[in-house]
Structures are given as structure tokens and as C-alpha cells.
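Shown next, in C-alpha cells, is the structure this report addresses.
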Amino acid sequence: MNDIVNLSATQIAQEIKAGKVSAREVVDAHIGRIEAVNPRINAVVIPLFEEARKGAEAADAAQKRGDALGALHGVPITIKEQFLVKGTATTLGLPSQKDHRAEDDGPLVKRLREAGAIILGKTNVSQMLLYIESDNPVYGRTNNPWNLDRSCGGSSGGEAAIIAAGGSPLGLGGDFGGSIREPAHFCGIQGLKPTSLRLTNFDTRSDLLPRGQEVVLPQPGPMARKVADLALAMEVLAAPGQDRFDPSIPPVPWRNPADVKIKSLRVAVYEDDGYFKAAPAIRRVVREAVDALRAMGVQVVEWTPPAVGDAIRLFFSVFTSDDSAALRHALRNDEPMPQLAGIIRSTQMPGFMKKLLTNRLRSSGQERLLRVFESIGIRSAEGFWKLVVERNQYRLRFMRELEAGGFDAIICPPTSLPAVLHGSTSDLLDFDSYARLFNVLGMPAGVVAAGRVRAGEESDRQPSKDNVEQAALRVETGSAGLPVGVQVAAPYWREDVALAVMGALENHFESQADYPARPPL
């Protein structure tokens with residue numbers, strides 16, 4: 001079993017097609033691994049084990065008959081709870097939705113099944129997919145397999161945790177504000193957020209996540225232990241024809257990362273975005289990535305991204321521009337988790353109270369909370385469209401500066417901290433500026449596992465009266481041994497470049513002594 005669950009999705013597909021192992025053996029091995037680790041991490045919240053065993057037997061029978069085999073034939077996968085899988089609940093962590101059952105698979109889930117993938121189960125999320133933890137009243141809390149006192153991240157945290165723990169080689173996640181990349185970073189795996197509108201959002205319930213707000217779009221994407229598996233999954237997910245069932249998806253061809261010539265690339269790098277200082281270990285692995293790429297012949301140039309604070313302000317402004325009405329409507333029969341309750345209260349605060357709180361935050365030195373608080377609140381239709389214009393102008397500015405530097409890709413931290421303590425994101429509203437930037441931009445970005453926090457480098461953050469900085473210091477303290485990753489972004493529709501750079505970095509980091517190969521579960 002240990003040999004099988006250590007294989008990548010690509011290797012599993014190859015071994016099954018070569019007749020070296022059966023789909024049933026592979027599925028049984030991964031079910032056994034889930035049953036061994038899930039009581040401690042609570043990652044798989046809707047097990048589909050019997051269906052998976054039947055699917056594996058059908059896959060083996062098809063192979064014996066000589067049927068055509070898909071790219072993922074016999075490969076076990078997991079699916080984030082937000083996505084529609086026939087006969088299962090999609091609750092987004094709302095107890096009022098626990099009796100929901102999907103009538104059919106969503107279109108992306110269908111593509112994975114048609115390629116031969118076998119679904120083992122669905123994985124945990126944050127409530128309403130809106131904070132970087134996976135904890136909700138329906139399924140409870142998912143723990144980080146590297147340290148059970150730490151979060152696995154969110155909202156795709158259940159996916160990251162079970163993939164890191166060896167229970168699944170490949171999963172489907174979603175990313176609205178870092179929700180694939182930060183869990184990948186926290187758990188020591190790989191994840192990709194494609195270009196906005198590369199993949200359809202029709203796999204998610206429209207009655208819980210309202211459509212129409214397209215300034216910052218959620219984007220499904222793959223998660224795995226190997227970069228090659230991300231590329232394999234994207235070949236399936238991004239295959240031609242999405243525009244036939246979702247006309248908002250432009251028919252942009254998928255490009256093969258293997259065709260990218262690494263040595264021809266010019267890459268921008270920054271380890272500090274000027275908005276939120278990254279922890280020492282995260283800055284270190286970014287520098288190590290620079291050294292590795294330069295040794296491969298890549299031209300890497302120090303760069304400063306333009307006005308990241310403006311992008312973060314836009315994110316919060318857009319998110320709350322309806323006075324959190326859509327969020328409050330979805331939660332009308334449920335209690336919000338603490339991570340959401342503060343945002344809702346803030347948007348509902350009368351004007352005179354907002355003014356008083358603004359003055360109080362400013363006088364007490366709570367600069368980070370003040371920045372977020374001043375960004376949130378209801379907008380008129382005219383005010384919202386002004387945000388749209390401002391977002392477009394920011395994207396154009398960013399693109400022009402990338403083009404002026406002649407850059408093919410960017411490497412930077414995935415976020416400012418290693419895996420956070422459970423519940424701490426209530427006090428860390430804007431710690432994830434490195435990830436959210438690329439949601440505002442809509443550019444493709446991925447995270448590649450790089451190393452672990454070393455003893456003696458947990459924190460160099462100075463004591464502060466700012467509550468957010470204090471919370472960040474608490475997270476960094478005692479973080480030795482936790483995984484850290486590197487983020488790679490690329491221009492629009494150039495996921496192939498991002499994956500090629502990620503693959504090159506993976507080859508380098510895997511040979512290092514502190515690479516997070518498998519948590520000690």
C-alpha cells in the first residue's frame with residue numbers, strides 16, 4: 001500500500017495502463033490510507049468508498065475488454081466540497097444545506113470522470129469558501145497533517161491536507177482569494193489557479209455563490225503532489241468545448257508546458273510586496289528559487305510590483321460592495337463562523353459608528369485593520385462600476401510594467417506566513433496579499449513546495465501594538481518544521497509557462513534535505 005500511495009497521478013495512470021497494478025488495488029490502497037489518517041486530520045468529509053470500488057472494478061473490466069482508456073484511467077481523486085458531485089451534498093459549510101443532493105455532476109467533474117478518474121470522496125472547506133481555514137459547523141475542523149495544531153488553509157484546505165497525507169494523488173480545488181495556493185503552501189504540495197475564465201464555475205451552486213460579480217472571479221484548479229499531475233489534470237479540464245456549455249469561457253487553446261524553453265525565460269522576482277512582510281523562511285526559499293533558476297540559465301531580475309495596497313483595497317471593496325447582502329442572504333438560516341461575523345458586522349455598522357471606530361483604530365495604531373475597514377462597505381451601482389474601471393486600470397498598469405521589463409513569469413512568496421494557528425484568520429484579514437494580488441489581476445499563478453521552516457528562522461517580526469502584526473508574530477512563533485512554498489505567476493493564458501517554471505523548481509527543491517515530501521502521520 002505504501003508504494004502505491006507514494007505514486008503520482010501520472011505514475012498511477014501509467015502503471016495501470018501497463019498492467020502492473022489494477023485500478024481496484026490503487027483505489028483500495030488510497031481508501032486504506034484515508035481511513036488511517038482521516039480520524040486525525042478530518043479532510044475527507046463525504047467518503048464515497050463503495051462507489052469508488054465499483055468504479056475501479058468497472059475500470060479494470062474496461063481495460064480487459066480493450067476499451068479506449070482516458071488520460072486518468074483508474075486514477076483515484078478527491079473533490080472539494082463546493083463542487084457538484086451527483087448524489088452528494090454541496091453545503092459550503094452551512095447546516096441548513098446539509099440535506100442538499102446534487103442531481104448531476106458539474107461539467108468539470110464530468111470531464112474528470114470521462115477521463116477515467118475515480119472519485120474517492122469530497123473534502124472540507126471554510127464556510128462560504130471565504131477564509132483561509134477549513135472549519136465549519138457542518139463538518140468541523142480540518143487539521144494540518146504537518147502539525148495538528150495548525151490550519152491546513154482554506155477554502156481548499158481539505159484537498160491540500162489529504163493530498164499531502166497520501167490519501168489522494170490529485171484533487172479539484174477552487175481559488176477566490178488564494179484558496180488553492182495558500183493550502184498548497186501550508187501543506188507542502190503543488191496547486192494551480194488558472195487564468196480567470198480558463199475553467200467554468202458551473203460546478204458550484206449558483207444559489208449559494210451568486211454570479212454576475214465578475215471583477216474578482218473564483219477559479220477552479222488542480223492540486224497534487226507533483227507539478228506534472230497539475231498539467232495532466234489541466235489537459236483534461238481545459239480541453240476544447242467548454243464554451244458549448246458555458247459561453248463565458250473563451251476558447252483559448254491549452255499549451256503544453258513541455259514546449260516551454262526554460263533557458264529563454266526572463267523572470268521577475270520579489271520577496272517583499274511592500275504591503276505585508278513575509279516570514280524569514282518564505283523569503284529564504286524565494287531566494288533559493290532565484291539561485292536555482294539562474295543556475296539553469298534563466299535570467300532573473302529583481303522587481304517591485306506596482307501598488308499592491310491598491311489591489312488589496314480593491315479586493316475588499318468589491319467583496320463587500322453589496323453591503324454583504326449576498327453573504328447575509330446565504331447565511332440567513334445559519335450562524336456565521338467568527339471569521340465571517342466581523343466582516344458582516346462591519347458592513348452593517350451605521351455611519352456614525354463607522355466614523356467612531358475609524359478614529360479609534362487610527363488613534364490606537366491599528367493601521368492594518370483600519371485599511372481593511374476603510375475599504376469595505378456598500379457601493380451604489382455607479383460606485384461599483386467605478387471599482388470595475390479602477391480594477392481594469394490597475395490590470396493595465398501591471399501588464400505594462402511586466403511588458404516593460406520583458407518578463408515571462410514572476411516568482412514571489414505565496415503568502416506572508418506559514419500554516420496559521422486554528423482560528424487565527426479572524427485577526428489576519430489581509431495577511432494574504434501575495435496570493436490575492438493575482439485574483440484581482442486574474443493572472444494564472446501556482447505554488448510549488450520548496451522547503452520547511454528551520455529552527456532559528458521562525459520570525460524576525462518586531463513587537464507591535466498593531467493587532468494584526470501581533471497575530472502574525474504568534475503564527476510565526478513555533479512554526480519550525482512547517483512547509484513553505486514559492487509562488488509562480490505568468491501572463492494571461494500562459495499557464496504553460498507557470499507550470500514549466502514550477503516543474504523546474506520542483507526538480508531542484510525535491511533534492512534538498514528539508515523538502516516536505518510527506519508529513520509524519
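Quick caveat, the model's predicted, so the values are computed rather than measured.
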Point to revise | Test log, rule side-chain contact (heavy atoms from CB on, under 4.5 Å), inputs C152 and I41 | key: CA-CA 9 Å; C152 58; I41 62 175; over 6 Å; no
Exercise for review: Would you please classify the geometry between the F186 ring and the F431 ring as parallel, tilted or perpendicular, with 30° and 60° separating the classes?
Suggested key: parallel
Review point. Salt-bridged, E114 to R111, with N to O below 4.0 Å?
Key: no
Check your understanding: Would you say the side-chain atoms of R494 pair up with the backbone N or O of A409, donor to acceptor, closer than 3.5 Å?
Key -> no
Exercise for review: Could you tell me which residues satisfy side chain to side chain donor-acceptor pair (under 3.5 Å) with N143, sequence neighbours excluded, listed by chain and number?
Suggested key: R141, H422
Exercise for review: Answer yes or no: is there an ion pair linking E159 with K80, defined by an N-O contact shorter than 4.0 Å?
Suggested key: no
Point to revise | Distance-only donor-acceptor check, side chains E81 and T91, under 3.5 Å | key: yes
**Study point:** Main-chain N/O of A36 paired with R40 side-chain donor or acceptor, under 3.5 Å
**Key:** yes
Exercise for review: Inspect the contact between E495 and R198 and indicate whether a charged nitrogen and a carboxylate oxygen are less than 4.0 angstrom apart.
Suggested key: yes
Check your understanding: Is there a donor-acceptor contact under 3.5 Å from the side chain of R33 to the main chain of A165?
Key -> yes
Review point. Does Y139 reach the main-chain N or O of N42 with its side chain, forming a donor-acceptor pair under 3.5 Å?
Key: no
Review point. Looking only at side chains, do T415 and D432 share a donor and an acceptor under 3.5 Å apart?
Key: no
Practice item. Could you go through the side-chain hydrogen bond (donor to acceptor under 3.5 Å, both in side chains) check for Q82 and R205 one step at a time? Key: CA-CA 8 Å; Q82 84 173 77; R205 290 177 61 182; over 6 Å; no
Point to revise | Ring centre gap for F202 and F83 strictly below 6.0 Å | key: no
Review point. Can you check side-chain contact (heavy atoms from CB on, under 4.5 Å) on R452 and V484, steps first, answer last?
Key: CA-CA 5 Å; R452 284 179 281 170; V484 287; 5.7 Å; no
Review point. Taking the side chain from D105 and the backbone from K86, do they hold a donor-acceptor pair closer than 3.5 Å?
Key: yes
Exercise for review: Determine, stepwise, if the pair F315 / F176 fulfils side-chain contact (heavy atoms from CB on, under 4.5 Å).
Suggested key: CA-CA 10 Å; F315 183 94; F176 174 60; 3.8 Å; yes
Check your understanding: With no hydrogens and no angle check, is any side-chain donor or acceptor of S324 less than 3.5 Å from a backbone partner on T320?
Key -> no
Review point. Checking Q219 side chain against D175 main chain: does a donor-acceptor pair fall under 3.5 Å?
Key: no
Exercise for review: Ignoring hydrogens and angles, tell me if any N or O in the side chain of R225 forms a donor-acceptor pair with the backbone of I163 under 3.5 Å.
Suggested key: yes
Exercise for review: Please determine if R379 and D323 form a salt bridge, counting it only when a charged side-chain N lies under 4.0 Å from a carboxylate O.
Suggested key: no
**Study point:** Pair S151, N144: side-chain N/O donor-acceptor within cut-off below 3.5 Å
**Key:** no
Check your understanding: Looking at side-chain heavy atoms only, is the closest gap between Y394 and L441 below 4.5 Å?
Key -> yes
Practice item. Answer yes when R24 and D28 have at least one side-chain N-carboxylate O distance shorter than 4.0 Å, and no when they do not. Key: yes
Review point. Can you find a side-chain donor-acceptor pair between K193 and S179 that sits under 3.5 Å?
Key: no
Practice item. Keeping the roles fixed (side chain from T78, backbone from L120), state whether a donor-acceptor pair exists under 3.5 Å. Key: no
**Study point:** Electrostatic pair K226-E510, nearest N-O below 4.0 angstrom
**Key:** yes
Exercise for review: Using distance alone, with no hydrogens and no angle criterion, decide if N124 and S134 have a side-chain donor and acceptor under 3.5 Å apart.
Suggested key: no
**Study point:** Stepwise side-chain contact (heavy atoms from CB on, under 4.5 Å) test for V420 and R150
**Key:** CA-CA 6 Å; V420 298; R150 299 274 175 160; 5.8 Å; no
Point to revise | Minimum heavy-atom distance G93-P137, with the two atoms named | key: O-CD, 3.3 Å
Review point. Any luck finding a side-chain donor-acceptor pair between S126 and E133 under 3.5 Å?
Key: no
Review point. Between Q487 (side chain) and C412 (backbone), is there a donor-acceptor pair under 3.5 Å?
Key: no
Practice item. Indicate yes or no: at least one non-hydrogen side-chain atom of L199 is less than 4.5 angstrom from one of Q242. Key: yes
